[in-house]
Amino acid sequence: MTADAVPTLPISRTCPYGPRPEHRQLREEAPIAKVILPNGRTGWAVTSHKHIRAILSDPRFSSSRRNPGFPTARPNAPPSALKPLMLELDAPDHGPVRRTVIGEFTVQRMNALGPRIQEIVDQHIDAMLAGPRPVDLVQALSLPVPSLVICEMLGVPYADHDFFQTRSSTLVSYKTTQEELTHALGELTSYLGKLVAAKMENPTDDLLSRLIQKQRENGGVDFGDLVGMAFLLLIAGHETTANMISLSTLMLLQHPEKLEALRQDPSKTLGAVEELLRYFTIAESALGRVAREDVELDGVTIRAGEGVLMLANTGNRDPEVFENADALNIDRGARNHLAFGFGQHQCLGQNLARMELQIVIDTLFKRIPGLRPAVPLETLSFKEDASVYGIREFPVTW
Amino acid sequence: MKVLVDEEKCCGAGQCVLVAPKVFGQRDDGIVILLDKEPPEELHGAMREAVSVCPGYAIWLEE
């Protein structure tokens, strides 16, 4: 293939949920394909399930966003004022950092958090039922539930959650200008710096205070690391689950027979959540890597310094792995999807996300059985221009 | 069937605990604990699933 024959990779979704036809075509014809990446550089797009898994678990690929070859979403990502975040670290630096926080997100810890999440969901549904109709589900439920949960876990005063919500949206939108991005990052870093300093002074019963304690036991507190971790967990906890709540609600309203099956047998909800995660794969843009050395893979040579973008939404519709992959099948029972990534960086908060989604789906349709969209579905606006896919506004009534 | 785990490779995603909570647990720091080294036959399918979904390739089987 000559250099000028390299196709430019289009990235935004066209049909609301599924992969772009161009991405499907790549999967069939060249699952590891040389392309012009969204940042204008030549690199690789990976579209098959097995190759995505292989690269995400291969230490010869780096997660460092500061490597000039990293496939950033923007042409010129601004230099970050933060120290490298956990998701940017490679072995051997990454493991020890991850081990300081995974204990906060175990299945057992998330199960213990269930009753509190249930309470938060119930309060927000109470408010919906008491308030005017129609209401925007995104603002009434999808955003505040995960926002409140992650704020409580970290020890961020919930009074400040609006501040985080708006800045999270700014950070994940491709429409954000470089200036706006730098400004939002500065505001967040400055806020979190004050918060971390306050917790160093007066520890409370929360993740950040425990992290400070652990660092003290291990020989010294690293202020920059703490601010970076707080930043990462807050941002990751906002846009992701929120968008999954809106999309899942919409999807189930469009498929009343699936909704009825869940109503009849709530033990199916967790399986349905898994399938919804696969079906939407909302955060695929997080899955970039850059080769640390030349890598031979299935007849292709990826050169050191070249960026690789894993198109997990396409990989999650791979017919080699998922039968009738474009259908939403709540009984599929397939956990081997890529919605949370794969390898050592696989989503830290995945069991929190599962718990939140399960509780919201069970509770929302039970307490508001007549829930329905308040506008024609074709008027809904989707986040084609954000690194986390979702619905901007979802007016519902009952 | 014998189940083996590598604590060094474990990244604490908890996928194995979701698949087979009687066989896999997590320590307070998130790392895998093997609760049953030779699980009964009815769990063998779940063991294969645990191997396939583990993001760190930290679980393997001797059959």
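Reminder, nothing fancy here: chain letters follow the sequence lines and each chain counts from 1.
Considering only heavy atoms from C-beta on, A:L311 stays 4.5 Å or farther from A:N313 through its side chain. By the 4.5 Å heavy-atom criterion applied to side chains, A:S63 and A:E88 are not counted as neighbours.
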Review item, side-chain donor-acceptor pairs of residues 10-20 of chain B, under 3.5 Å, at least two apart:
from  : atom 1 : to     : atom 2 : distance (Å)
B:Q15 : OE1    : A:R354 : NH2    : 3.4
B:Q15 : NE2    : A:Q346 : OE1    : 3.2
B:Q15 : NE2    : A:Q350 : OE1    : 3.3

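Identified under the ring pair (Phe, Tyr, Trp, His ring centres under 6.0 Å) test for residues 89-114 of chain A, with sequence neighbours left out: A:H94-A:H345.
The choice from B:A58, B:G30, B:P21 that makes the most heavy-atom pairs within less than 4.5 Å of chain A is B:G30.
A:N351 touches chain B through its side chain: at least one heavy atom from C-beta onward sits under 4.5 Å away, while N, CA, C and O do not. Interface residue A:R98: only side-chain heavy atoms are found under 4.5 Å from chain B.
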